[in-house]
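This report refers to the structure that appears directly beneath it.
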Amino acid sequence: MSHSSEQPLERVTIPALQQWKDKGRRVVMTTAYDAVAARIADPIVDIILVGDSVGNVCLGFDNTLPVSVAMMNHHLEAVARTRPHALLVADMPFLSFHVGSEDTIRNAGGFLQRGADAVKLEGGAKRIEMVRALVDCEIPVMGHLGLTPQSVNVMGGFKVQGRTPDTALRLLDDAYRLQEAGCFALVLEGIPAELAARATEFLTIPTIGIGAGPDCSGQVLVLHDVLGLTEGHRPKFVRAYTNGFQLFQEALSRWAADIRKGAFPGSEECYRLPDQLRDAVANWVPSSSTSR
Ligand code: KIV
């Protein structure tokens, strides 16, 4: 449901998300990497994620590994300038939370100083120490488990996770540990629906699924995927609600065709000289004293 644009929307907060889980209200989250996308999404969604997916979706990389803190800062600042009502979450990119807690706190703290309400980071047990360090500094953390794109090399590709007894139970264990370490929500990506349902049932914090079935507390998809702006292989869990790529190309083609046949710009798209200047301009010739 889209909200009315007439009155300012109430800001989404972390305690509100917790209450929504308790009441069974589903959370809607999408990505934005710039002000245009943020303005499109904000009246409709509850959480805006400045995702490191900016790397593959917008910057032409094959995966998210090349995305740096500086890149994230650039995109986060653009989104934050729109002052969204949605909870604004910034993704911690690869290597920004692995080296040590001081480095992690500075990177995440920098995101909050740029307007993020919270950060998201990928990983389970190995990242608990960093999650604790951030929470201790009043930096809210959203966890991210399952098909975590920053682990693409370890996973041997973008593959569904949690399908063996070992990995399924470890995921549940990691989910619990992240909650106990202070995460306020958890993204569950690319895992069997039953596993996500079980995590959602026993965790008190909300779960947000992407390729994790319908029984999460909410859902997230990359905005460009929902709008049909991404080309190439589309994972099974993506539902595109329009073919934005084709729609935009059709509009651009009509504009190009109008230019080529002299139909753009029309007279209503032109500025005009004041009447008293028209003769002077029409009769202008280069001055003979002008030398180049
Ligand atoms: O970077 C991203 O867009 C994400 C979401 C897909 C969860 O991590």
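As the structure lists them, so they are numbered: ligands from 1, and atoms in each ligand from 1.
Within 6.0 Å of the CZ atom in R26, the count of heavy atoms belonging to other residues, nucleotides or ligands does not exceed 12. Annotation for D62: atom CG does not count as buried by contact number, only 12 or fewer foreign heavy atoms lying within 6.0 Å. The number of heavy atoms from other shown groups lying within 6.0 Å of CD (E201) is above 12.
Side-chain contact between L147 and F158: present, with at least one pair of heavy atoms (C-beta onward) separated by less than 4.5 Å. Under the 4.5 Å side-chain criterion, counting only non-hydrogen atoms from C-beta, V12 is in contact with H85.
Of all the heavy atoms of T31, the ones lying under 4.0 Å from any atom of ligand 1 belong exclusively to the side chain. Contact annotation: for I210 versus ligand 1, heavy atoms closer than 4.0 Å belong to the side chain alone. When heavy-atom distances to ligand 1 are checked against a 4.0 Å cut-off, V54 has no atom that comes that close, whether in backbone or side chain.
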*Intermediate values then yes/no, salt bridge (charged side-chain N to carboxylate O under 4.0 Å, His left out), R177 and D174*: CA-CA 5 Å; R177 292 181 67 177; D174 281 352; 5.2 Å; no
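The option from G146, G51, S53, A32 that lies nearest to atom 3 (O) of ligand 1, judged by heavy atoms, is S53. With V57, V50, L49 as candidates, the residue nearest to atom 4 (C) of ligand 1 on a non-hydrogen basis is L49.
Taking 4.0 Å as the cut-off, E122 does not count as a neighbour of ligand 1 on heavy-atom distance. In this structure, M29 has no heavy atom closer than 4.0 Å to ligand 1.
Taking a cut-off of under 4.0 Å to the non-hydrogen atoms of D52, the atoms of ligand 1 that pass are 1 (O).
Note: H75 and Y33 have perpendicular aromatic rings, judged against thresholds of 30 and 60 degrees for the angle between ring planes.
The N/O atoms of D91, backbone and side chain alike, include one that comes under 3.5 Å of an N/O atom in ligand 1. For ligand 1, one of its N or O atoms has an N or O atom of K120 under 3.5 Å away.
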